[in-house]
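Positions are given from 1 along the sequence.
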Amino acid sequence: MATPRPLPPRDDQRMLGIRLRIASISCFATMSALAKLANGGGASTLEILFFRNGLALPVIIGVLLAGPGLRSVATKRPGAHLGRSVIGLGSMLLTFQGLSMLPLADATSIGFSAPLFATILSAVLLAEPIHRHRWTAIAIGMIGVLIIMRPGGGHASLAGMAIAVGGAFTSAIATVTIRSLGTTEPATTTVFWFTLGGTIATSLVLPFVAQAHDPLTWCALVGTGLAGGCAQVLMTTSLRHAPVSVVAPFDYLSLPWSILYGFLLFSAAPSATTLAGAALIVASGLYTIHRERRLRRDAIAAASTPVEA
């Protein structure tokens with residue numbers, strides 16, 4: 001039997017980045033399921049937020065100590081990090097609140113619209129050019145969101161849908177601010193200050209919302225924080241080994257995870273309209289990623305073409 005030829009170093013690094021991204025998405029899906037389980041056990045959204053940030057912080061600090069060290073998080077842009085933390089915490093608050101009101105598959109599918117909002121905001125705030133192909137993809141994705149929301153269909157959780165869309169939109173704003181911070185700040189620095197800021201902010205309100213829970217709910221709260229911290233570290237690390245355009249398509253694996261967790265933990269199966277809307281959102285996202293790759297290849301080819309005198 002022939003021995004398979006080893007991958008070239010560049011492809012090997014990309015495969016590692018893909019594996020790390022898949023692991024991070026699995027952790028994020030687990031975090032969402034545990035947060036919903038904790039909410040069902042009586043934990044408030046603010047309480048869940050505290051555990052999400054407070055228990056993720058030691059994980060992130062441990063990774064920093066094992067790698068670049070705490071000195072690497074020094075920053076000259078504290079104001080920018082503060083703004084990002086406020087926006088990110090608001091997005092997380094809306095996302096977890098939406099999770100508490102919706103089936104996992106619905107909330108996850110609506111969350112996929114965040115990159116679509118980010119593309120629009122990048123055009124408006126950062127003056128990034130968007131061609132007609134991407135506008136078409138955005139429109140298709142938004143139609144998918146409307147199909148999931150079923151406006152006028154008498155859905156009992158329309159308020160939850162609106163909150164989930166608000167979470168996706170504020171997540172897109174956070175993405176744009178992270179893109180701006182990324183010009184001067186390493187990803188680990190941004191993650192550290194955001195998690196620290198979220199821990200401090202939620203600890204201030206914890207005395208007013210904390211309450212006693214049963215052992216299962218406590219385990220779900222602890223698991224939410226640990227899974228969230230691991231997911232954040234794995235996602236950040238994946239980008240050291242592969243570009244966003246390579247690993248981003250694997251983010252959509254969170255949908256089958258949410259369907260599985262929804263069935264196992266909450267005996268909930270996604271409706272046909274949820275699956276149809278999710279399919280449109282995923283298709284629009286994948287097409288946008290494909291266009292990004294193609295435009296980048298064309299730009300590289302144009303830059304490498306010699307100019308005749």
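What you find for Thr189 and Ser72 is that their closest heavy atoms are OG1-O, 3.1 Å. Residues Thr188 and Arg240 come closest through the heavy atom pair CG2-NH2, 3.2 Å. Here the shortest heavy-atom pairing between Val59 and Cys230 reads CG1-N, 4.1 Å. The heavy-atom pair separating Ile281 from Gly141 by the smallest distance is CG1-O, 3.4 Å. Between Ser284 and Ala137, the closest heavy-atom pair is CB-O, 2.9 Å. When all heavy atoms of Val191 and Gln232 are compared, the pair lying nearest together is CG1-CG, 3.4 Å.
Ile120 is listed as a side-chain neighbour of Trp135, based on a closest heavy-atom distance under 4.5 Å. Taking 4.5 Å as the limit, some side-chain heavy atom of Leu37 sits within range of a side-chain heavy atom of Phe266. At least one side-chain heavy atom of Leu221 sits under 4.5 Å from a side-chain heavy atom of Ile48. Two residues are said to be in side-chain contact when any heavy atoms from C-beta on lie closer than 4.5 Å; Arg52 and Phe96 meet this criterion. Contact of the Phe250 side chain with the Ile22 side chain is registered, since non-hydrogen atoms from C-beta on lie closer than 4.5 Å. Taking 4.5 Å as the limit, some side-chain heavy atom of Leu99 sits within range of a side-chain heavy atom of Leu104. Annotation: side chain of Thr217 is not in contact with side chain of Gln211 (no heavy-atom distance under 4.5 Å). By the 4.5 Å heavy-atom criterion applied to side chains, Phe117 and Met142 are counted as neighbours.
Side chain of Ser238 to main chain of Arg19: no donor-acceptor pair is present (N/O by atom type, distance under 3.5 Å, no hydrogens or angles). With hydrogens and angles ignored, the 3.5 Å screen pairs a side-chain donor or acceptor of Ser24 with a backbone N or O of Arg21.
Counting only residues at least two apart or in different chains, salt bridge (charged side-chain N to carboxylate O under 4.0 Å, His left out) contacts with residues 262-276 are absent.
A continuous path of Ile, Leu, Val, Met, Phe, Trp and Tyr side chains, each step under 4.5 Å between heavy atoms, connects Met235 with Val247, placing both in one hydrophobic cluster. Taken together through direct or relayed side-chain contacts under 4.5 Å among Ile, Leu, Val, Met, Phe, Trp and Tyr, Leu181 and Ile60 form parts of separate hydrophobic clusters. Two different hydrophobic clusters hold Leu57 and Val86 under the rule that ILVMFWY side chains link at heavy-atom gaps under 4.5 Å.
Checking Glu185 against Thr190 by side-chain atom types alone, no donor-acceptor pair falls below 3.5 Å. Side chains of Trp193 and Ser85: a donor-acceptor N/O pair is absent below 3.5 angstrom, by distance only.
Atoms CG and OG, on Leu275 and Ser109 in that order, are 7.5 Å from each other to the nearest 0.5 Å.
Between Tyr252 and Phe112, the ring planes lie perpendicular to each other; the angle is over 60°, past the 30° to 60° tilted range.
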Exercise answer: donor-acceptor pairs, residues 160-174 side-chain atoms, under 3.5 Å, sequence neighbours excluded:
| unit_1 | atom_1 | unit_2 | atom_2 | d |
| --- | --- | --- | --- | --- |
| Thr170 | OG1 | Gly166 | O | 2.9 |
| Thr170 | OG1 | Gly167 | O | 3.1 |

